[in-house]
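Okay, structure first, notes after.
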Number of protein chains: 2
Amino acid sequence: MTELLTPLLNGDRRALSRAITLIESTRADHREDAITLLSQLPDRQALRIGLSGTPGVGKSTFIEAFGTLLTEKGLKVAVLAVDPSSARSGGSILGDKTRMEQLSRNPNAFIRPSPSRAELGGVARRTREAIRLCEAAGFDVVLIETVGVGQSETLVAEMSDLFILLLAPAGGDELQGVKRGIMEMADLILVNKADGDLLPTARRTVADYAGALRLLRKRPQDPENFPLAHAVSAATGDGLEQAWDEMRHLTGWRRAHGHFDATRARQARYWFQAEVRAGLLSRLDTPEARARLAELGEAVAHGKAAPGVAAAEMLDWLNG
Amino acid sequence: MTELLTPLLNGDRRALSRAITLIESTRADHREDAITLLSQLPDRQALRIGLSGTPGVGKSTFIEAFGTLLTEKGLKVAVLAVDPSSARSGGSILGDKTRMEQLSRNPNAFIRPSPSRAELGGVARRTREAIRLCEAAGFDVVLIETVGVGQSETLVAEMSDLFILLLAPAGGDELQGVKRGIMEMADLILVNKADGDLLPTARRTVADYAGALRLLRKRPQDPENFPLAHAVSAATGDGLEQAWDEMRHLTGWRRAHGHFDATRARQARYWFQAEVRAGLLSRLDTPEARARLAELGEAVAHGKAAPGVAAAEMLDWLNG
């Protein structure tokens, strides 16, 4: 363990990679090692930025440009991907490093794709633990990116200090089908591709979202004007500096008012409880349990046993 | 047990009441008796009709009128309430029998209020088991009514053969804030109070919803024209006969095409799995476990332990 811990704490990217591979493993002995490693980490903090954007908004280009900007300021930047669909789609996100060619070669950046064989609960734990490893390795900013699919946005927001929604310029009415719940999670909406021919559309889109955000309830953890929307161009770099200033302003305000730590405490408690529940349910995750569950499920489906009766039998079997 | 089983199977309403009280009990020995009783029930089927409507739509009046109509056709009707808020609100639904005075005195009807100390998972199990008891007692129709609060509609739809949404006449644009997900669950939308001055508004509301329903994807388990919307008046009885005809038409079609049994099989499997999960999680439901969970939760919130490390400790404690 120590052979991994020391280089990890020194910011060695290979050690960080190996540590993430360890926490991603489902083998019982690896899991024990992972728990040991995690319990030895010092309490270093990075700014955790959740970033959601559907395919086509230029998320990779944005991360490449924004990440590079941060490294130019002397910050170390880690990028973690949360893509629960990558297992199904055959690893759509495996090309992360080619998507972000410049950043992946940057010695102050670290990019880690979403694990394959991804299942939402597993991805959540893996990502939270990977964030802690990145923090221990001395990274200043951890970007957690996700495609806007199903529950993955909620999950990422629940492990981030800031949650950013990246959108494409688009014609107004429907606000691009962004769900109200997602809007409510966003601290900052960035409309990308605000350059060239798309600039007027991007500005209109920003105005639309700014209006929609004003209709949402003001949140006690926010300073004036937040959440807010503005335009950026990952291609030209326009607006990226301003976006970073806003993130720092919001974070500073939350720190000063105690919201930053309170949110982290709430998140940690939430994930602790979620993991305990997942741990209890993992007893259903053996081949024998799955077979028994399927067998009793068939009996129930064919009316041969009441659900409650069959459930009692299954629980007896698990405890017996 | 047999002293309860025989009168229950003979349709004795007092025995049915006592049996439901038994399945509602959280005492371990009562639970064992309940499991024994449930495993002895014959496989009788009633038509399970889920009914959702927010306060003010005239749900009680509708159930009173519709239930009475069914009993006049020689059918035995049971009414079960699912109101997860009744615990908090101090039993808002305890007045069920006074709300439905005529039906509650009808020898072919049975009305059971939502249990107090209601918690959504517990209400789900209690209601499904009460449905089976009503079926065993020879009831032909079981109405499961719920207020449109949170997850309760999904829960009721998941245990019903038909799901009916009862709405009040109202001015159009927003479709009364009915969520798309709820619309998608409805087999039949009934706009109540279609009488007197409200008749034109009710008709317009029906047209609005009929239009909205046409935009939803056609479901493979439905005949032509379903899901559909029409007007009823619980006060005058207008439209109730037609509503019943539509329910029978839809049910008949689904039976003929195998969807009825397939849906019940899927629901039974779903509830079986839900109960197994709930059973595993119930180990967190002791005073000792709650205290330990709170204690470790505090340590996690204060950064003294990583969520995963504390979760491993909690699981060791539970298993140790």
Side-chain angles (χ1 to χ4, degrees), chain A residues 23 31-32 34-41 43 45 125-126 128-129 132 159 261-262 264-284 289 292-294 296-319, chain B residues 23 31-32 34-41 43 45 125-126 128-129 132 159 261-262 264-284 289 292-294 296-319:
Chain A
I23 58 151
R31 192 66 212 147
E32 265 178 50
I35 293 283
T36 308
L37 177 64
L38 287 165
S39 60
Q40 288 170 349
L41 300 181
D43 197 17
Q45 276 192 357
R125 186 173 80 183
R126 166 267 179 196
R128 283 182 302 104
E129 293 179 352
R132 289 183 79 98
M159 56 179 75
D261 290 340
R264 282 216 171 178
R266 187 186 54 70
Q267 289 175 342
R269 203 186 274 114
Y270 170 88
W271 287 115
F272 160 64
Q273 292 170 355
E275 266 196 50
V276 172
R277 285 194 298 272
L280 287 172
L281 295 177
S282 71
R283 298 180 61 194
L284 297 172
R292 191 99 184 96
L293 199 71
L296 285 165
E298 279 314 293
V300 162
H302 290 94
K304 287 180 197 132
V309 177
E313 197 178 325
M314 182 75 200
L315 290 166
D316 278 348
W317 182 84
L318 285 167
N319 296 326
Chain B
I23 59 150
R31 192 65 212 147
E32 265 178 50
I35 293 282
T36 309
L37 179 63
L38 288 166
S39 61
Q40 288 170 349
L41 299 180
D43 197 16
Q45 277 192 354
R125 185 173 79 182
R126 166 266 179 197
R128 283 182 301 105
E129 292 180 351
R132 290 182 79 100
M159 56 180 74
D261 290 339
R264 282 215 169 178
R266 186 186 56 70
Q267 289 176 343
R269 202 185 275 117
Y270 170 87
W271 288 115
F272 159 65
Q273 291 171 355
E275 267 195 48
V276 171
R277 286 193 298 270
L280 287 173
L281 295 177
S282 70
R283 299 181 61 193
L284 297 173
R292 191 99 185 96
L293 198 70
L296 285 166
E298 279 315 292
V300 162
H302 290 94
K304 285 179 199 134
V309 177
E313 197 178 326
M314 181 77 199
L315 290 166
D316 277 349
W317 182 85
L318 285 167
N319 296 325

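Order of the sequence lines sets the chain letters (A, B, ...), proteins ahead of strands, with each chain counted from 1. Keep in mind that the numbers below use all heavy atoms, side chains included, and drop hydrogens, waters and symmetry copies.
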Checked A:Ala299, A:Ser39, A:Gly308 vs chain B; the most non-hydrogen pairs under 4.5 Å come from A:Gly308

Of all heavy-atom pairs linking B:Ala268 and A:Pro307, the shortest is O-CG, 3.8 Å

Nearest heavy-atom approach of B:Leu315 to A:Leu280 is CD2-N, 3.8 Å

Turns out that what part of A:Arg132 lies under 4.5 Å from chain B's heavy atoms comes down to side chain

Okay, A:Leu293 and chain B: the region with an atom under 4.5 Å from a heavy atom over there is both

Sub-4.5 Å side-chain heavy-atom contact between B:Arg277 and A:Leu284: yes

So, the part of A:Ala312 with a heavy atom under 4.5 Å from chain B: the answer is side chain

Applying a strict 4.5 Å limit to non-hydrogen atoms, the region of A:Glu129 in contact with chain B is side chain

Scanning both residues in full, the closest heavy-atom pair of B:Ile35 with A:Val309 reads O-CG2, 3.8 Å

If one checks every heavy atom of A:Leu41 against chain B at 4.5 Å, the contacting part turns out to be neither

The interface call for A:Arg283 against chain B, heavy-atom contacts under 4.5 Å, is side chain

Bottom line for A:Arg128: the part with an atom under 4.5 Å from chain B's heavy atoms is side chain

CE of A:Met314 to CD of B:Glu275, rounded to nearest 0.5 Å, is 13.0 Å

Pair count under 4.5 Å, heavy atoms only, with chain B: among A:Gly303, A:Ala278, A:Ala265, highest is A:Ala265

Checked B:Leu281, B:Leu38, B:Ile23 vs chain A; the most non-hydrogen pairs under 4.5 Å come from B:Leu281

Pair count under 4.5 Å, heavy atoms only, with chain B: among A:Leu296, A:Leu318, A:Asp43, highest is A:Leu296

